[in-house]
Amino acid sequence: MHAPPTTPTRRRARTLGFAALAVALLMTVPTARTAFGQDAAPLAGGGDLGPNVIVFDPTTPGIQAKVDDVFKKQESAQFGDGRYALLFKPGTYDNINAQIGFYTSIAGLGLNPDDTTFNGDVTVDAGWFNGNATQNFWRSAENLALNPVNGTDRWAVSQAAPFRRMHVRGGLNLAPAGYGWASGGYIADSRIDGQVGPYSQQQWYTRDSSVGGWLNGVWNMTFSGVEGAPAQSFPEPPYTTLDTTPVSREKPFLYLDGDAYKVFVPAKRTNARGTSWGNGTPQGESIPLDRFYVVKPGASAATVNAAVQQGLHLLFTPGVHHVDRPIEIDRADTVVLGLGLATIVPDNGVTAIKVGDVDGVKLAGLLVDAGPVNSDRLIEVGPDGASAGHAANPTSLQDVFVRIGGAGPGRATTGIVVNSNDTLIDHTWLWRADHGDGVGWETNRADHGLRVNGDNVLATGLFVEHFNKYDVEWAGENGRTIFFQNEKAYDAPNQAALQNGSVKGFAAYKVDDSVTTHEGWGLGSYCYYNVDPTIRQDHGFEVPVKPGVRFHDLLVVSLGGQGQYEHVINDTGSPTSGTSTVPSKVVSFP
């Protein structure tokens, strides 16, 4: 929730003579194709990671000053174009307090979090916004071990701020100093030895982790596969707890093997519980950086697509990347990894990323920012009508975010369309902006955040907010969602603008009438109709009444009485009422 108001360089020949190296490359690597079909010289993988990837080792002079300089630039740059990745080589770093601002990722470069240890903190607070953490978006921490100076680290964030693969040798505080508002958030594959204190956090999702305790819950705290999680107890306290996560795959990450950069791609897990790294070497595949095309701002979509066709994976460096045609991923097992909240902007109304109906594509660490010309969809996973099965090796989206408006004019009919069966959606925030530039009911029009047509799709950590119609539409069979956070569009001008036939308002989460099997755990929708507080919403969730459609632990909230819900799901659940922020809850449906 929010407070009311260069073309990539080629690697140089080293030990081989240049002519011999060129012959070897042409013999072993498929050539790229030009727009006219002629063979072009092959694109080189690897290379430098650009100026906004800053790499430290324990002997680097002035580490704190350099980290502070990035924070000074990024602390309040909510809609700026700066993007940074702060990467720390394995070793021990003393007396560090890495404050993390917008569009900044901090990560260790070991294969395991304990390879890179801070005797210090990785901190997010909300001083820039007067102690209100509800706009602390777009940042991340990964693959580090922390010995917090005062015993507890502070990670006071809201949406799109993942805390992944971290080991906190102490406690973790999820609220800002002063315990002001906060609306997060997401933890995965992490170990917190001490207690996690949400305090003012309204909702949170934790997956496949270990915690030493959990202090409290406000509206919706959801856990799957978490050792030490509180017992199931919804609605009071509001804990939804699943012993395991049905299917999961951790996010790919960059690491150092000696002096060589590689990307580790964790293996798929079923019925996972606890971290993937706590019992020796994690399971998965290491891919050398020279098998990645390193994409820098200014590289054309045609070049990027040629790299994929040639057989390379993609590593997007921190920056804003414009594309005039879709980036097309039609090769199975392709990894597309962004560093430092790498941002892709589709020009002229194109789709930014299209994934084929193939096995095992991994999209991770990307922000897609809609352009001023309407895109029918910003990300497409599988073409319309996709029908292949991918249960053994699903495509996954992790820390893939969508933004429509806020940074400037932006329009899209749907944020993400998933047509491929068995897709994993692991932590996404799809946001039609409610503040910033280019914001208005028709100005940044976007009807839907997520449309799922594929069967057997699983969403873990689904955040979707402020769309003009249904925020989520689910038409595929056997869909499952573990944790959902939503706010309806603040800026609806009146009741008529939201009328959905005879129904008042569009549900936040709509399961199509044709669906026979669907299940969800820990889902919440909030309204704040500040333009017209008299607006009524019939329900937050709309689903067919069938034996195979089941929901657990649902709630709706009217924020300050600005608009009201009549029911929680279909015609079940009491209305929200008055000006107090008191949730209406349903434990199970039907």
Side-chain angles (χ1 to χ4, degrees), residues 54-68 70-71 85-101 104-125 127 133 136 139-157 161-177 184-199 201 204 206 208-215 226-229 250 253-256 274-282:
I54 305 172
V55 180
F56 302 91
D57 67 47
T59 66
T60 301
I63 294 174
Q64 187 67 57
K66 292 177 182 178
V67 171
D68 288 347
V70 172
F71 178 66
L86 309 177
L87 305 182
F88 288 78
K89 294 182 180 181
T92 300
Y93 298 78
D94 293 326
N95 304 313
I96 296 291
N97 181 20
Q99 299 185 81
I100 306 301
T104 304
S105 297
I106 187 169
L109 286 170
L111 186 59
N112 286 302
D114 290 329
D115 294 340
T116 309
T117 296
F118 280 15
N119 291 317
D121 298 82
V122 171
T123 301
V124 177
D125 208 337
N136 280 351
R139 63 199 74 197
S140 67
E142 296 184 57
N143 206 31
L144 292 164
L146 308 178
N147 292 311
V149 169
N150 294 317
T152 300
D153 192 59
R154 185 185 304 277
W155 188 254
V157 299
F163 197 79
R164 283 187 181 270
R165 203 177 176 81
M166 296 287 286
H167 183 189
V168 181
R169 298 169 183 155
L172 184 64
N173 184 340
L174 303 179
Y186 177 90
I187 293 171
D189 202 27
S190 293
R191 176 178 171 183
I192 294 88
D193 292 345
Q195 185 179 67
V196 178
Y199 299 102
Q201 280 287 357
W204 199 275
T206 307
D208 297 357
S209 294
S210 174
V211 299
W214 195 271
L215 179 65
V226 178
E227 297 168 342
E250 300 307 330
F253 61 92
L254 189 70
Y255 79 103
L256 278 171
T275 68
S276 69
W277 49 268
N279 295 309
T281 303

Measure the spacing between [atom1] of [X] and [atom2] of [Y] and express it to the nearest 0.5 Å.
X    : Y    : atom1 : atom2 : result
Y93  : T59  : OH    : OG1   : 8.0 Å
I100 : D125 : CD1   : CG    : 12.5 Å
H167 : L146 : NE2   : CG    : 9.0 Å
E142 : L87  : CD    : CG    : 10.0 Å
L111 : T116 : CG    : OG1   : 10.5 Å
F253 : R165 : CZ    : CZ    : 3.5 Å

Are the side chain of [X] and the backbone N or O of [Y] linked by a donor-acceptor pair below 3.5 Å?
X    : Y    : answer
N173 : A175 : yes
S190 : A188 : yes
Q99  : F71  : no
D114 : A145 : no

Requested in this report: Take N95 and Q64, measure what side chain to side chain contact (heavy atoms under 4.5 Å, CB included) needs, and give me the verdict at the end.
Outcome: CA-CA 8 Å; N95 304 313; Q64 187 67 57; over 6 Å; no

[X] to [Y] - nearest heavy-atom pair and separation:
X    : Y    : result
V55  : K89  : CG1-CE, 3.7 Å
I106 : F118 : CD1-CE2, 3.9 Å
L254 : L109 : O-CD2, 3.6 Å
P58  : G91  : CG-CA, 3.9 Å
V122 : A141 : CG1-CB, 4.2 Å

Residues in salt bridge (Lys or Arg N to Asp or Glu O under 4.0 Å) contact with [X], at least two apart in sequence or another chain:
X    : result
D121 : none
D115 : none
E250 : R164, R207
D193 : R191

Requested in this report: Apply the test side chain to side chain contact (heavy atoms under 4.5 Å, CB included) to residues V67 and I96: give CA-CA distance (whole Å), side-chain angles for both, the deciding distance (0.1 Å), then the verdict.
Outcome: CA-CA 9 Å; V67 171; I96 296 291; 5.8 Å; no

Query raised in the report: Which residues pass the ring pair (Phe, Tyr, Trp, His ring centres under 6.0 Å) test with F163, sequence neighbours left out?
Result: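 Here the qualifying residues are W155.
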
Query raised in the report: Listed by chain and number, what are the ring pair (Phe, Tyr, Trp, His ring centres under 6.0 Å) partners of F56, not counting sequence neighbours?
Result: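 By the ring pair (Phe, Tyr, Trp, His ring centres under 6.0 Å) rule, F56 matches F88.
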
Query - Set of residues satisfying side-chain hydrogen bond (donor to acceptor under 3.5 Å, both in side chains) with respect to D208, sequence neighbours excluded - result: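 Here the qualifying residues are T245, S248.
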
Query - Residue list, side-chain hydrogen bond (donor to acceptor under 3.5 Å, both in side chains) with T281, at least two apart or on another chain - result: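 T281 satisfies side-chain hydrogen bond (donor to acceptor under 3.5 Å, both in side chains) with no other residue.
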
Query - Any side-chain donor near an acceptor of the partner, S276 and D189, under 3.5 Å - result: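 On atom types as modelled, these side chains qualify, holding a pair under 3.5 Å.
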
Report task. Check step by step if side chain to side chain contact (heavy atoms under 4.5 Å, CB included) holds for M166 and L172. Result -> CA-CA 11 Å; M166 296 287 286; L172 184 64; over 6 Å; no

side-chain contact (heavy atoms from CB on, under 4.5 Å) against [X], all qualifying residues, sequence neighbours excluded:
X    : result
A156 : A133, R154, P176
T206 : I187, W204, S209, W214, F223, V226
Q195 : L215
N119 : T92, D94, T117, N147

Requested in this report: Might you work through the side chain to side chain donor-acceptor pair (under 3.5 Å) test for T123 and N97, ending with a clear yes or no?
Outcome: CA-CA 7 Å; T123 301; N97 181 20; 2.7 Å; yes

